[in-house]
Enquirer: 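Got a structure for you, written out below as structure tokens; questions coming shortly.
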Protein chains: 2
Amino acid sequence: MVTLKDISKATGVSVTQVSRALGGHGDVNAATREKVVEAAARLGYRPNAIAKGLKTGQTGFVAMVIPSDIDASGREIMFDMVVGISQAVSRHGLKFLLHVVDTAAQVPAAYDLLFQGGGIDGFILTDLHEPDPRVAYLQDRNMPFVVHGQYPERSHAFVDLDNFRVGEVLAGWLLDAGHRRILFLNGHDDRIYSSTRVAGVQHAFAVRGLNPGALDVAHGPMTRARGRDAALERLRRPDRPTAIVAGNMMLARGVWDAAAECGLRIPDDLSVTAHDDVLAQYPASGFDPIPSVTRSALPTAWAALADTVSRTIAGGEPEREIELLVPETVPGMSVAPPPSDESRG
Amino acid sequence: MVTLKDISKATGVSVTQVSRALGGHGDVNAATREKVVEAAARLGYRPNAIAKGLKTGQTGFVAMVIPSDIDASGREIMFDMVVGISQAVSRHGLKFLLHVVDTAAQVPAAYDLLFQGGGIDGFILTDLHEPDPRVAYLQDRNMPFVVHGQYPERSHAFVDLDNFRVGEVLAGWLLDAGHRRILFLNGHDDRIYSSTRVAGVQHAFAVRGLNPGALDVAHGPMTRARGRDAALERLRRPDRPTAIVAGNMMLARGVWDAAAECGLRIPDDLSVTAHDDVLAQYPASGFDPIPSVTRSALPTAWAALADTVSRTIAGGEPEREIELLVPETVPGMSVAPPPSDESRG
DNA sequence: TATCAAATCCGAAACGTTTCGGGTAATAGA
DNA sequence: TCTATTACCCGAAACGTTTCGGATTTGATA
């Protein structure tokens, strides 16, 4: 292994100056710097990450701890997320560490293990629950972390989609077309994004002077099968909803399935809006008609997450490092006025 | 952060002895050790992983580099693999590092980046191709690594399923029942396990004095859809196979689909054997009739991988650290003699 | 009592880096 | 000529750990 000392010997420049030259600090003559850089390249020098870490207290590792007992709907996208975040983090010259524990209860202990050993610069958290002990735990111990999602207090660094706006837009389209009996196929009820979206939907009712009494929110896993089942159950009722908001494209696909089974045409008999995460697994193509969606690429969020974690580690103030992503609104052909016999109901 | 020096001050024992006492070395009085251990616990001492790493040259990090451009069938199980390996590695007190690069071509550069920085003790490789540049690359540079799968030379540490035996058993059952026209639904043709299984199947023919001329090997992704399509195409030929070997349970499911579509009963009209990886995603339940399988839990292989990497890092000789897992053979009800009108064909 | 071995201990160096606190030489200004 | 400033440089300390080599104490033996 070639060290600074080797370069020092080879060039006759002191270790101090070699370090400065390579580190890009001032205080070193241009000619000297060039000589050092050349020698480093020639000898194949690579800085020793451990030694640097010992001195600076930073290792360039960003960790994410996940429990292995997540449910199937979480698994589906978890791999894309892990891959996406890992890639984004790599692009910042940081290294991504995935630590898997058996159950969610073991997560905090894993934070201790990784952080106190001194090997980790910061953590990334996703899939916030309500309440979620992880945030307070990390804040109490002064460990740097960034969250995908947010706590209402916003006292931590985070990146999040504007879920309030998602709910507002998706419901707004339907309300403006005249729908009142609306079904909202949402995610798990203990997820913060779920309740935020509900708030957005309710706000859409409120600003139009409408009572959201006829809003039916169905919480659960965001899968095609659940979307179909939940939609089917409602569509078979006499006072069936005339419109459905689907939380993601898989739920939307389930809605299309259910409509087909009931013989309902979209949008003539049933209007649908949905949120599109732009994931390869959840393609927005192949729908007929083209759905009206809010769109925000999850990979964009992951990249933003990496930006934020990089800045936070570098010493940014956590409360300042926040980013709220605004979804695109992409009207399609899946919204129409409610069928006349229904709108009177 | 509490260090050895703090414990030294608190106990009046030298840093040297504190280190030895905690490290479990001899050369330290029982009473002293007890005093030190007590103080360490009381002060909440946690060894600094970076400092230890600087001195010992080991960090406890095991890395896996994967390209993000793997195909869909690979993705399906990749997450389970990553989780399984990460968990297994954690249990050995090692930490798992996942590094994602864009394309397979960038993998070796990532090895350099991670290893030369001095932060990584060893690598885990999976999904071996033929040829695979990674093995030679790592061997040339003397980086410790363990492979899930094996190169024929066996000059490296590895854990692998005995795929030869898998092919031998699955084909043997069918041959012994009298089948001759056999379709083997295999994995991608550039994967080493695929060719090893083919060799096993051919060996099953050979030991019975049979010519494997009527063996039809179909290579491709190991998905349900591909299993169905490939099986269907063959089953509709006049000289259709009377038996099928499925490389995993998803392919098997596709075969069941195809048989149903063709109106063929299993095992009366069509015999099937398969290999079961015992993955939650690829359940072996819900088949009628119960298939005859070779069975080897992939999670077991991942655990063995962690054992092996742990020993290799600790200084084991790579060539010695090998483990060939023997599959269980679990006969079911999916094999019968070929239908009489077919067996003459 | 002198000698030796075993048990126990400790100082100091080392791992490779960064950085603090000067130091020297050249130049500019008085 | 003297002083102040600038540009460049270097030694040494420090991060927290492990470990080499030797020192000290103890107890037994001659």
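Worth knowing before you read on, the calculation uses all heavy atoms, side chains too, and leaves out hydrogens, waters and symmetry mates. Numbered from 1 within each chain, the chains take letters A, B, ... in sequence-line order.
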Enquirer: Between C1' on dA25(C) and CG on Asn29(A), what's the gap in Å once rounded to a whole number?
Expert: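 In whole Å, dA25(C) C1' lies 13 Å from Asn29(A) CG.
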Enquirer: Would you please name every residue forming a ring-ring contact (aromatic ring centres under 6.0 Å, His included) with Tyr193(B), sequence neighbours left out?
Expert: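 None.
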Enquirer: At the 4.0 Å heavy-atom cut-off to chain B, mark where contacts on DNA chain D begin and end, going 5' to 3'.
Expert: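 Taking any atom under 4.0 Å from a heavy atom of chain B, the span is dG16(D) to dC20(D).
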Enquirer: Are OP1 or OP2 of dC9(C) and a side-chain N or O of Gln17(B) less than 4.0 angstrom apart?
Expert: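 Looking at the OP1 and OP2 atoms of dC9(C), one of them is under 4.0 Å from a side-chain N or O of Gln17(B).
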Enquirer: Restricting to side-chain hydrogen bond (donor to acceptor under 3.5 Å, both in side chains), what partner residues turn up for Gln139(B), sequence neighbours left out?
Expert: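 By the side-chain hydrogen bond (donor to acceptor under 3.5 Å, both in side chains) rule, Gln139(B) matches Ser155(B).
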Enquirer: Which residues satisfy the salt bridge (charged side-chain N to carboxylate O under 4.0 Å, His left out) test with Glu38(B), sequence neighbours excluded?
Expert: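 For Glu38(B) the salt bridge (charged side-chain N to carboxylate O under 4.0 Å, His left out) partners, ignoring immediate neighbours, are Arg42(B).
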Enquirer: Reckon Ser19(B) touches a base, only the sugar-phosphate, or nothing at all at heavy-atom distances under 4.0 Å?
Expert: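 Base contact.
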Enquirer: List in chain and number order the residues that pass salt bridge (charged side-chain N to carboxylate O under 4.0 Å, His left out) with Asp307(A), two or more places apart in sequence or in another chain; answer none if no residue qualifies.
Expert: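 For Asp307(A) there are no salt bridge (charged side-chain N to carboxylate O under 4.0 Å, His left out) partners, ignoring immediate neighbours.
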Enquirer: Holding to salt bridge (charged side-chain N to carboxylate O under 4.0 Å, His left out), I want the full list of residues that pass it with Asp6(B), two or more places apart in sequence or in another chain.
Expert: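 Residues passing salt bridge (charged side-chain N to carboxylate O under 4.0 Å, His left out) with Asp6(B): none at all.
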Enquirer: Determine whether the side chains of Gln87(A) and Ser68(B) contain a donor N or O and an acceptor N or O closer than 3.5 Å.
Expert: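 Yes - a donor-acceptor pair under 3.5 Å links their side chains.
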Enquirer: Using heavy atoms to find the nearest nucleotide of DNA chain D for Ala51(B) and Arg20(B) separately, return the residue whose nucleotide is more 5′.
Expert: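 Result of the comparison: Ala51(B).
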Enquirer: When all nucleic acid strands are considered with a 4.0 Å heavy-atom cut-off, which category describes Asp27(A): base, sugar-phosphate, or nothing?
Expert: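 Contact class for Asp27(A): base.
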Enquirer: For Arg33(B), give me all partners under side-chain hydrogen bond (donor to acceptor under 3.5 Å, both in side chains), at least two apart in sequence or on another chain.
Expert: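 With neighbours one apart ignored, the set is empty.
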Enquirer: Touch check for Thr3(B), heavy atoms < 4.0 angstrom, all strands: base, sugar-phosphate only, or nothing?
Expert: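 Sugar-phosphate, no base atom in range.
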Enquirer: What residues, two or more places apart in sequence or in another chain, satisfy side-chain hydrogen bond (donor to acceptor under 3.5 Å, both in side chains) together with Asp162(A)?
Expert: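 Partners of Asp162(A) under the side-chain hydrogen bond (donor to acceptor under 3.5 Å, both in side chains) test: none.
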Enquirer: Given atom CD of Glu34(B) and atom P of dT8(C), what is their separation to the nearest angstrom?
Expert: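 Computing the Glu34(B):CD to dT8(C):P distance gives 14 Å.
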Enquirer: Does anything in residues 29-70 of chain A pair up under ring pair (Phe, Tyr, Trp, His ring centres under 6.0 Å), and if so which pairs, sequence neighbours excluded?
Expert: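 Sorted result for residues 29-70 of chain A: Phe61(A)-Phe61(B).
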Enquirer: What residues form a side-chain hydrogen bond (donor to acceptor under 3.5 Å, both in side chains) with Gln106(B), not counting sequence neighbours?
Expert: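 Partners of Gln106(B) by the side-chain hydrogen bond (donor to acceptor under 3.5 Å, both in side chains) criterion come out as none, since no residue qualifies.
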Enquirer: Five pairs at each end of the helix from dT1(C)-dA30(D) to dA30(C)-dT1(D): take the axis at both ends and give me the angle between them to 10°.
Expert: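 About 70°, once rounded to a multiple of 10°.
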Enquirer: Quick one: closest heavy-atom pair of Val309(B) and Phe123(B), and the distance?
Expert: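 In this case the closest contact between Val309(B) and Phe123(B) is CG2-O, 4.3 Å.
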Enquirer: Check DNA chain D against residues 36-44 of chain B and give the residues with a non-hydrogen atom under 4.0 Å, in numerical order.
Expert: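 Of all residues in residues 36-44 of chain B, none places a heavy atom under 4.0 Å from DNA chain D.
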Enquirer: Would you mind telling me which residue lines up with the more 5' stretch of DNA chain C, Lys55(B) or Val13(B), judged by nearest nucleotide?
Expert: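 So the residue in question is Val13(B).
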